[in-house]
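Note that this is a predicted model, so its numbers are computed, not measured.
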Amino acid sequence: MDEAHRYHADASKKAINELRPILGLEMTATPTDEKGKSFKNIIYEYNLAQALADGKYVKIPTVAKRRNFVRGNMTDEELDILKIEDAVSVHEHTKLSLEMYAKNNNLPLVKPFILIVCKNIQHAKETYNRIENEMFSGRYAGKVLQIDSSTKKDEEVDRLFVSLEKPDNQIEIT
């Protein structure tokens with residue numbers, strides 16, 4: 001089970017138990033339950049730092065940033081907007097390049113997405129609303145997924161998150 005930390009919710013446990021599994025192998029980068037307690041059944045650990053150092057099994061993220069950037073007297077909100085605009089600019093260029101590459105080489109499409117890390121739930125809600133309703137002339141309305149501790153038991157959020165890389169999933173920003 002990939003993303004095994006998601007399977008520890010009550011509904012997931014019930015569904016898995018109904019299958020009467022003989023053996024379950026769980027894989028996750030977040031080996032903690034919903035209360036933050038570490039799993040007790042870890043038999044092998046290969047953490048992200050080691051995977052990155054080995055150069056295997058990991059997608060290398062791109063961080064959008066401006067060369068020689070100086071914040072000056074920008075407010076936190078202005079800085080957030082600038083970062084989002086930069087990320088979307090890189091995303092749209094990457095998306096177009098991947099679409100052209102897949103088409104020209106008769107290969108399946110690889111779907112890029114943006115991951116935005118917020119300070120807290122309130123910041124996540126503000127960021128979500130800003131992208132959905134205020135920025136980019138509505139181009140990303142319906143394409144943003146807010147994931148935080150307030151959404152962790154929402155099965156639709158789980159479904160969208162797990163299928164994020166599939167081309168038919170409309171979410172582009174999470």
Side-chain angles (χ1 to χ4, degrees), residues 1-9 11-13 15-16 18-19 21-32 39 42-67 80 82-118 124 127-148 151-174:
M1 298 177 286
D2 193 16
E3 299 294 336
H5 61 281
R6 305 297 253 168
Y7 294 101
H8 286 258
S12 297
K13 284 181 185 177
I16 290 168
E18 286 176 2
L19 296 172
I22 296 170
L23 174 67
L25 297 176
E26 300 179 24
M27 290 166 261
T28 182
T30 314
T32 57
F39 292 168
I42 298 172
I43 57 171
Y44 181 76
E45 181 176 340
Y46 186 66
N47 63 40
L48 179 59
Q50 187 62 51
L52 287 169
D54 292 347
K56 298 180 179 179
Y57 315 114
V58 180
K59 295 175 186 170
I60 305 299
T62 300
V63 178
K65 63 181 181 174
R66 294 174 182 226
R67 188 180 319 223
D80 280 353
L82 183 72
K83 288 178 180 180
I84 293 166
E85 288 172 344
D86 286 353
V88 168
S89 176
V90 170
H91 172 72
E92 289 180 351
H93 179 266
T94 302
K95 184 174 155 182
L96 181 60
S97 296
L98 288 169
E99 287 171 357
M100 289 173 38
Y101 183 83
K103 184 176 182 180
N104 291 337
N105 293 282
N106 199 27
L107 292 169
L109 180 64
V110 173
K111 180 184 163 232
F113 59 90
I114 300 171
L115 173 65
I116 298 176
V117 179
C118 295
T127 300
Y128 174 88
N129 287 327
R130 183 174 290 129
I131 297 168
E132 278 274 326
N133 304 310
E134 300 168 19
M135 299 179 75
F136 311 109
S137 303
R139 256 189 351 259
Y140 288 91
K143 297 181 179 185
V144 183
L145 181 65
Q146 180 181 333
I147 303 172
D148 57 51
T151 64
K152 70 181 179 182
K153 294 200 178 212
D154 185 326
E155 291 184 18
E156 177 64 7
V157 169
D158 282 353
R159 185 189 69 72
L160 288 169
F161 178 68
V162 170
S163 67
L164 194 58
E165 293 179 344
K166 294 184 178 177
D168 63 336
N169 183 326
Q170 296 299 307
I171 300 300
E172 292 188 50
I173 302 174
T174 184

Determine the minimum heavy-atom distance between [X] and [Y], stating which atoms define it.
X      : Y      : result
Pro108 : Ala102 : O-CB, 3.9 Å
Pro167 : Leu109 : CG-O, 4.0 Å
Glu172 : His91  : OE1-NE2, 2.6 Å

Determine, step by step, whether Lys95 and Glu99 satisfy the side chain to side chain contact (heavy atoms under 4.5 Å, CB included) criterion, reporting the C-alpha distance in whole Å, the side-chain angles of both residues, the deciding distance to 0.1 Å, and the verdict.
-> CA-CA 6 Å; Lys95 184 174 155 182; Glu99 287 171 357; 3.6 Å; yes
Tell me, with the steps shown, if Ser97 and His93 meet side chain to side chain contact (heavy atoms under 4.5 Å, CB included).
-> CA-CA 6 Å; Ser97 296; His93 179 266; 3.7 Å; yes
Please check if the number of heavy atoms outside [X] that lie under 6.0 Å from its [atom1] is greater than 12.
X      : atom1 : answer
Lys111 : NZ    : yes
Asn106 : CG    : no
Glu156 : CD    : yes

Considering only heavy atoms from C-beta outward, does the side chain of Pro112 approach that of Leu98 to under 4.5 Å?
->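 When only atoms from C-beta onward are counted, Leu98 and Pro112 do touch, with a gap below 4.5 Å.
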Side-chain contact, heavy-atom cut-off 4.5 Å: Val110 with Tyr101?
-> no
What distance do [X] atom [atom1] and [Y] atom [atom2] have between them, rounded to the nearest 0.5 Å?
X      : Y      : atom1 : atom2 : answer
Ile43  : Leu25  : CD1   : CG    : 7.0 Å
Lys83  : Thr127 : NZ    : OG1   : 10.5 Å
Tyr140 : Ile84  : OH    : CD1   : 12.0 Å

With sequence neighbours excluded, what pairs up with Glu92 under the salt bridge (Lys or Arg N to Asp or Glu O under 4.0 Å) test?
-> Arg139
Examine distances only and state if a side-chain atom of Glu132 and a backbone atom of Gly142 form a donor-acceptor pair shorter than 3.5 Å.
->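 Here the side-chain-to-backbone pair exists.
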Verdict with supporting geometry, Val88 and Ile131, side chain to side chain contact (heavy atoms under 4.5 Å, CB included) | CA-CA 10 Å; Val88 168; Ile131 297 168; over 6 Å; no
Sequence neighbours excluded, which residues qualify as side chain to side chain donor-acceptor pair (under 3.5 Å) partners of Asp86?
-> Arg66
Under the criterion side-chain contact (heavy atoms from CB on, under 4.5 Å), which of Leu145, Asn169, Ile171 is the partner of Phe161?
-> Leu145
Tyr128: partners by ring pair (Phe, Tyr, Trp, His ring centres under 6.0 Å), with sequence neighbours left out | none
